[in-house]
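Please read the structure below before turning to the comments.
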Amino acid sequence: MPATQLFARIRATEFSRLVESHHAYLDHTGSTLYPESLVRRHAARLGSGILGNPHSENPASLDSTEEIELARDAVLRFFAADPTEYAVCFVANATAAIKLVGESFPFRPDSRFVLSADNHNSVNGIREFAARRGADVIYLPLTRGLRLANPLAYIPDCRGRPASLFAYPAQSNFSGVVHPLELVDTAHARGYSVLLDAAAFAPTHPLHLDRVKADFVAISFYKMFGYPTGVGALIARRDALEMLERPWFSGGAVDFVSVGAGMHQLRNGEPGFEDGTPNFLGLGAVADGLTFLSEIGVEAIEAHVLGLCARMLEGLTAIRYPNGSPAVRIYGPTSLQARGATVAFNLLDPDGDVVPYETLVEAAGAEGISLRGGCFCNPGASEAAFAYDAVRLRACLEQLGKAFTHRGLSECMGGAPVGAVRASLGLSSNEEDVDRLLILLRRISEDRIARTPLRLSGDAVA
């Protein structure tokens, strides 16, 4: 079946609610929408099954354990990870996976924690663990196009030092930039363990861990196939898990705990890193969700969303005011070279000043278009996008303190923007979704939103 027909059929059968509600969903980097068949299948399983807490040996518990292990095997197969080399630890989400690495990594004085300025706050937060243990924290800077600026020059050799960690996203959740996966091997050669944040990358790009041998990979399943929420995974090399030093323990993660003897022993492998009772009712949907993506083909999904992204980028750059000035400023690449289908931008007025992102998000919502506004928990990429001066930024943040507001920061930074609009595409997206956004932006630019009130009409979007 031709790709256009395939994705049209998927839209009609798996995402019919979009058609019925005339909703243009453009926040797939926030969360992918769940296919209807996945929810129906999971509901049928729950309706007929008897699943109990897996921390036991009764029949209901054993059935839950079997579902969890099937999900674990499915994750390894999907990411082409050798089960003798990699383990899958189920956690609440990618953030929990990243925190698990950060709090347990054996940082020491003279260790290094090197990370890209383009990172989700979950990764930025590891710097607190590293610094408290005396490690050096080093950020890799970004170019004006929000790519890594000569990363080879900023990843210092740390062979001979205590355990050190390099962390970066496979795809930026801010700009859609796809960072080189080859950096995994580069960092390994320089003595680092590597944490790869694949939360924004995995939904629309193939990731083969038999080729990209990152030590730790963080994912969230709701970003891949929408359901269930509250389930993610840390995919980790088994030797990398063994080097981690867990700062605490919990019930299911131990072989034994003694109050009188003051001792405990963590379980080997994955169970020693899975705290508390796993989401045993939700994990049964993981294997089905991965099967759904595999049957479509992640490569086909990638081609689909990038084709739509090209349409969006072309349309955004073409919107101009009568005086010839651009109406949209895109942060990051304006071509498909090394990028995903996540586009950050701001609307400009005819004088080139940024229109507050809230204005556009609100206008889009009134038209049934879901966008995301803000900095997307990625301060490094946003600060680079808005060309913040670090000295001035620090002074403003210290001055604002507990009285911090976005408006206050903008005023202190001389009117600089404090957020952007993000439109992101997924397997349920189609050309109409993209065109509805472009039509809205063209109408807003014609209304000169910065000078006159925005006029909305129910029939403005075809």
Side-chain angles (χ1 to χ4, degrees), residues 11-12 15-34 173-174 176 222 226 305 308-309 311-322 325-331 341-377 382 385-386 405-407 410 415 417-462:
R11 170 96 169 197
F15 304 96
S16 60
R17 58 197 188 276
L18 287 174
V19 179
E20 294 166 358
S21 62
H22 195 53
H23 193 120
Y25 183 79
L26 295 173
D27 190 23
H28 285 268
T29 302
S31 174
T32 292
L33 297 178
Y34 54 81
N173 75 311
F174 182 95
Y222 74 92
V305 299
L308 295 175
C309 186
R311 186 184 188 93
M312 181 184 294
L313 291 169
E314 181 180 359
L316 291 174
T317 55
I319 303 174
R320 292 184 174 272
Y321 285 107
S325 63
V328 175
R329 177 180 296 157
I330 297 172
Y331 302 109
T342 298
V343 181
F345 64 93
N346 266 323
L347 185 68
L348 307 178
D349 66 22
D351 296 323
D353 295 326
V354 172
V355 175
Y357 69 86
E358 298 94 338
T359 303
L360 177 54
V361 173
E362 181 180 358
E367 299 285 356
I369 303 171
S370 287
L371 299 171
R372 180 78 177 269
C375 292
F376 325 124
C377 300
S382 60
F386 308 145
T405 63
H406 285 169
R407 176 174 292 183
S410 178
V418 293
V421 177
R422 187 181 71 189
S424 51
L425 302 157
L427 66 91
S428 66
S429 302
N430 63 10
E431 291 184 350
E432 181 186 2
D433 295 336
V434 174
D435 291 346
R436 286 178 63 186
L437 173 62
L438 297 175
I439 290 169
L440 175 65
L441 290 172
R442 284 195 291 268
R443 193 183 80 240
I444 292 176
S445 67
E446 292 169 0
D447 287 344
R448 300 193 178 202
I449 188 173
R451 299 183 181 180
T452 60
L454 174 64
R455 298 186 299 276
L456 296 175
S457 60
D459 60 352
V461 175

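Keep in mind the model is a prediction, meaning the values are calculated, not measured.
- Under the 3.5 Å distance criterion, the side-chain polar atoms of Asp351 are left unmatched by any main-chain donor or acceptor of Asp353.
- Ser424 places a side-chain N or O within 3.5 Å of a backbone atom of His28 that can act as its donor or acceptor partner.
- No side-chain donor-acceptor contact under 3.5 Å links Arg442 to the backbone of Gly315.
- Ser410 pairs by the side-chain contact (heavy atoms from CB on, under 4.5 Å) definition with Val418, not counting sequence neighbours.
- Of all heavy-atom pairs between Val343 and Cys309, the closest is CG2-SG, 3.9 Å.
- In terms of heavy-atom proximity, Val421 sits nearest to Phe376 at C-CZ, 4.0 Å.
- The shortest non-hydrogen separation linking Arg436 to Glu367 is NH2-O, 2.7 Å.
- The shortest distance between side-chain heavy atoms of Phe15 and Ser429 does not fall below 4.5 Å.
- Nearest heavy-atom pair across Cys375 and Gly419 is SG-CA, 4.1 Å.
- For Thr32, there are no side-chain hydrogen bond (donor to acceptor under 3.5 Å, both in side chains) partners at least two apart in sequence or on another chain.
- Taking 4.5 Å as the limit, some side-chain heavy atom of Leu316 sits within range of a side-chain heavy atom of Leu438.
- Checked against side-chain contact (heavy atoms from CB on, under 4.5 Å), Asn430 has the following partners two or more places apart in sequence or in another chain: Arg11, Glu432, Asp433.
- Evaluation of the ring pair (Phe, Tyr, Trp, His ring centres under 6.0 Å) rule for Phe386 yields Tyr331, Tyr388 as partners, not counting sequence neighbours.
- Remark: the backbone N or O of Pro350 is paired with a side-chain donor or acceptor of Ser325 at under 3.5 angstrom.
- Residue Thr342 holds its OG1 atom at 9.5 Å from CG of Asp27, rounded to the nearest 0.5 Å.
- In this structure, Ile369 CD1 and Leu440 CG are separated by 5.0 Å, a value rounded to the nearest 0.5 Å.
- Applying the side-chain contact (heavy atoms from CB on, under 4.5 Å) criterion to Ala423, with sequence neighbours excluded, gives Leu26, Met312, Phe345, Leu371, Leu437.
- To the nearest 0.5 Å, the span separating CG on Leu308 from CG on Leu425 amounts to 5.5 Å.
- In this structure the side chain of Asn346 never reaches within 4.5 angstrom of the side chain of Leu360, judged on heavy atoms.
- Residues Asp349 and Val355 come closest through the heavy atom pair N-CG2, 4.0 Å.
- Within 6.0 Å of atom CD in Glu314, 12 or fewer heavy atoms from other residues, nucleotides or ligands are found, so the atom counts as exposed in its surroundings.
- Listed by chain and number, the residues in a side-chain contact (heavy atoms from CB on, under 4.5 Å) with Tyr34 are Arg17, Val39, Tyr227 (sequence neighbours excluded).
- Within the 3.5 Å criterion, the main-chain N or O of Leu348 finds a donor-acceptor partner in the side chain of Tyr321.
- Taking each heavy atom of Phe174 and Arg422 in turn, the nearest pair found is O-CD, 4.3 Å.
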